[in-house]
Amino acid sequence: MSENSHDGGPAPVPGPTPATAPDTTPDRRAWVAPLISTVLTLPMGFVALFVAGLSPMACDSCNGAAADRFDDSFAVAWTVLCVGLLITLAVLIASWAVPHRFRYAARRVGLALAAPATVVVTFVAFMALVDWP
């Protein structure tokens, strides 16, 4: 007989392996990604809001049709910026709210990366929507 054979019983029948339980062990470093995201996202959001708030001064010397076009486009762009920053805040809060388990690590990191990216996309959309003089 060979060295790997079993003495005294039938060979095991190959079949499906038993399902393993999901990884529910706590993640001690679950706070790192949301913290880095918060440190980046909040200042970026405040800078975007500050620059957007100062942008009406670009049309201080405008009058007539140029001022009307700027005011109309700025109203829409300002709404887009505010809604986008609220979405950013919701994504940032969601990255903190994901359970601190290893099985949710990818979701937590994805949300943490999405928060600053949402600020950038929102600010670019604001700048594109304004009809600059």
Is there a chain of hydrophobic side chains (I, L, V, M, F, W, Y, each step under 4.5 Å between heavy atoms) that links [X] to [Y]?
X      : Y      : answer
Val91  : Leu85  : no
Phe70  : Phe126 : yes
Met127 : Leu49  : yes
Leu42  : Val47  : no

[X] to [Y] - nearest heavy-atom pair and separation:
X     : Y      : result
Val98 : Tyr104 : CG1-CB, 3.5 Å
Ala58 : Pro133 : O-CG, 3.6 Å
Pro34 : Ser95  : CG-O, 3.4 Å
Ala52 : Pro56  : O-CD, 3.5 Å

Please report the interatomic distance CZ(Arg28) to CZ(Phe102), rounded to the nearest 0.5 Å. 8.0 Å
Which distance, rounded to the nearest 0.5 Å, do you find between the CD1 of Ile93 and the OG1 of Thr88?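 It comes to 11.0 Å.
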Which pairs with one or both residues in residues 46-68 pass salt bridge (charged side-chain N to carboxylate O under 4.0 Å, His left out), sequence neighbours excluded? none
pair [X]-[Y]: side-chain heavy atoms closer than 4.5 Å:
X      : Y      : value
Ser55  : Trp132 : yes
Arg108 : Asp27  : yes
Asp71  : Phe74  : no

Please step through side chain to side chain contact (heavy atoms under 4.5 Å, CB included) for the pair Val51 and Phe123, ending with a clear verdict. CA-CA 9 Å; Val51 170; Phe123 186 69; 3.7 Å; yes
Among all residues two or more places apart in sequence or in another chain, which pass the salt bridge (charged side-chain N to carboxylate O under 4.0 Å, His left out) test with Asp72?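 Salt bridge (charged side-chain N to carboxylate O under 4.0 Å, His left out) list for Asp72, sorted by chain: empty.
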Name each donor-acceptor pair under 3.5 Å that joins a side chain in residues 109-122 to protein atoms two or more places apart or in another chain, with its distance.
residue, atom, partner, partner atom, Å
Thr118, OG1, Ala114, O, 2.6
Thr122, OG1, Thr118, O, 2.7

Under the criterion side chain to side chain contact (heavy atoms under 4.5 Å, CB included), I'd like the reasoning laid out for Leu40 against Ile36: C-alpha separation, chi angles, the key distance, then a yes or no. CA-CA 6 Å; Leu40 291 174; Ile36 292 171; 4.2 Å; yes
Polar side-chain atom of Ser37 near backbone of Ala33 as donor-acceptor pair, under 3.5 Å: no
Working note: Trp78 + Leu129, criterion side chain to side chain contact (heavy atoms under 4.5 Å, CB included); need CA distance, chi angles, decisive distance, verdict. CA-CA 9 Å; Trp78 182 258; Leu129 286 172; over 6 Å; no
